Amino acid sequence: MSDSAAVRVLDLCKSFGSDRGDSEPVLSDISFSVEKGELVSLLGQSGCGKSTLLNMIGGFEKQDSGQIVMAGQPAARPNRKCVMLFQHYGLLPWRTVLKNVELGLEDSGLDASRRRQRARDYLRLVGLDDKQDHFPRELSGGMQQRVALARALALEPEIILMDEPFAALDTFTRYYLQDELLRIRKQTKMTIILVTHDIDEAVYLSDRILIMSANPGRLDKEIRIQAARPRDRGDGEFQHYRKQILEQFHFDRPPSPAEYSI
Ligand SMILES: Nc1ncnc2c1ncn2[C@@H]1O[C@H](COP(=O)(O)OP(=O)(O)OP(=O)(O)O)[C@@H](O)[C@H]1O
């Protein structure tokens, strides 16, 4: 693998104990790398281990075997170079927007005025500089996710891990935030690993899609999306990638009559 890799995942395996007292493999022999500045999506059905894999990359979960290497260094615990953005924002309701963004910077070594300036800069980047004195409950879901994004970006990470960050939002807000993410990524050149169920989202955003199968979770296929940006969800090339992915999940043909019987 090349030296430009931001993340390398090598032969990762993970099992969890089941209620029956035995151990069930959740991830089996996962290996891939993500180049610096690349946007890679992990796409797969519910339960195939996408979040577990992302949590291990973020250092929140420990693998049974295998290795994760970040910028040439083995990674075993959460660190500031790699931050996670969750579906449910994780904002503190009693803190203003500005203070939520400052929160992540409290042990950064920056003094209070530089922390405040950095938080303001990133709120401006996500287009929320006029909301800095509001409380999270006063904002829409899309705005709250932009605050969470500003808080993650303020740490100036090299890698951002996103676990279905837009899944809780309505379609239009999701489309808007997908474009915002691409704009911010162009500006910051960060590496992004995104977990999603949403095929359109994966095709719209990704440089590369890693398709996972379940029981245990494995990497099944890699699809490089070579469509020019900005991408058009309605054009033939987009549909071609969509179809390729649907085929992979066997959603390309109508169910057989037997599948309708009870
Ligand atoms: N802490 C845990 N203890 C036991 N089992 C777990 C734990 N975390 C996840 N699992 C199991 O591991 C499997 C993979 O879960 P994971 O959340 O990684 O899947 P996912 O692909 O992200 O699913 P979804 O798309 O529904 O979020 C599931 O069967 C889940 O029940």
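Order of listing sets the numbers, starting from 1, for every ligand and every atom in it. Just so it is clear, the values below take in all heavy atoms, side chains as well, and ignore hydrogens, waters and symmetry mates. None of the values given here were measured: they were computed from a predicted structure.
Proximity of Thr52 to ligand 1, defined as any heavy-atom pair under 4.0 Å, is shared by backbone and side chain alike. Looking at Gln45 against ligand 1, only its backbone comes within 4.0 Å, counting heavy atoms. Of all the heavy atoms of Glu24, none lies under 4.0 Å from any atom of ligand 1, so neither backbone nor side chain is involved.
Inside a 4.0 Å radius of atom 6 (C) of ligand 1 there is at least one protein heavy atom. Checking atom 31 (O) of ligand 1 against the protein gives no heavy-atom contact under 4.0 Å.
In terms of polar-atom proximity, Gly17 is not counted as a contact of ligand 1, lacking any N or O under 3.5 Å from an N or O of the ligand. Remark: ligand 1 and Cys48 share an N or O pair separated by less than 3.5 Å (distance only, no angle test).
Checked by atom type and distance alone, the side chain of Ser31 pairs as donor or acceptor with a backbone atom of Asp11 at under 3.5 Å. Remark: side-chain polar atoms of Lys50 are paired, donor with acceptor, to backbone N or O of Gly44 under 3.5 angstrom. A donor-acceptor pair is defined here as one N or O able to donate and one able to accept, closer than 3.5 Å; no such pair exists between the side chain of Glu247 and the backbone of Gln244. In terms of modelled atom types and a separation under 3.5 Å, the side chain of Tyr241 and the main chain of Gln226 share a donor-acceptor contact. At distances below 3.5 Å, at least one donor-acceptor pair connects side-chain atoms of Arg118 with backbone N or O atoms of Ala154.
Donor-acceptor pairing under 3.5 Å is recorded for the side chains of Asp121 and Gln117. With no hydrogens or angles considered, no side-chain donor-acceptor pair links Thr96 and Asp133 at under 3.5 Å.
Compare Glu61, Lys50, Met212 by their heavy atoms: the one nearest to atom 21 (O) of ligand 1 is in Lys50.
Contact check for Arg151 versus Val147: no side-chain heavy atoms found under the 4.5 Å cut-off.
The single protein non-hydrogen atom nearest to atom 3 (N) of ligand 1 is Phe16 CD2, 3.5 Å, given as residue, atom name and distance. Ranking the protein heavy atoms by distance from atom 26 (O) of ligand 1 puts Ser46 OG, 2.5 Å first. Remark: minimum distance from atom 17 (O) of ligand 1 to any protein heavy atom is reached at Ser51 CB, 3.8 Å. In this structure, atom 29 (O) of ligand 1 lies nearest to the protein heavy atom Gly47 O, 4.2 Å.
Per-residue contacts place Glu164 under 4.0 angstrom from the following atoms of ligand 1 (heavy atoms of the residue considered): 25 (O), 27 (O). In the vicinity of Val26, heavy-atom distances shorter than 4.0 Å reach the ligand 1 atoms 12 (O), 13 (C), 14 (C). Close approach of ligand 1 to Gly49 (heavy-atom distance below 4.0 Å) involves ligand atoms 14 (C), 16 (P), 18 (O), 19 (O), 20 (P), 21 (O).
Remark: Arg8 is not positioned above the aromatic ring of Phe32, lacking an NZ or CZ atom under 6.0 angstrom from the ring centre and at most 45 degrees off the axis.
Listed here is the closest heavy atom pair of Leu125 and Gln187: CD1-NE2, 3.2 Å.
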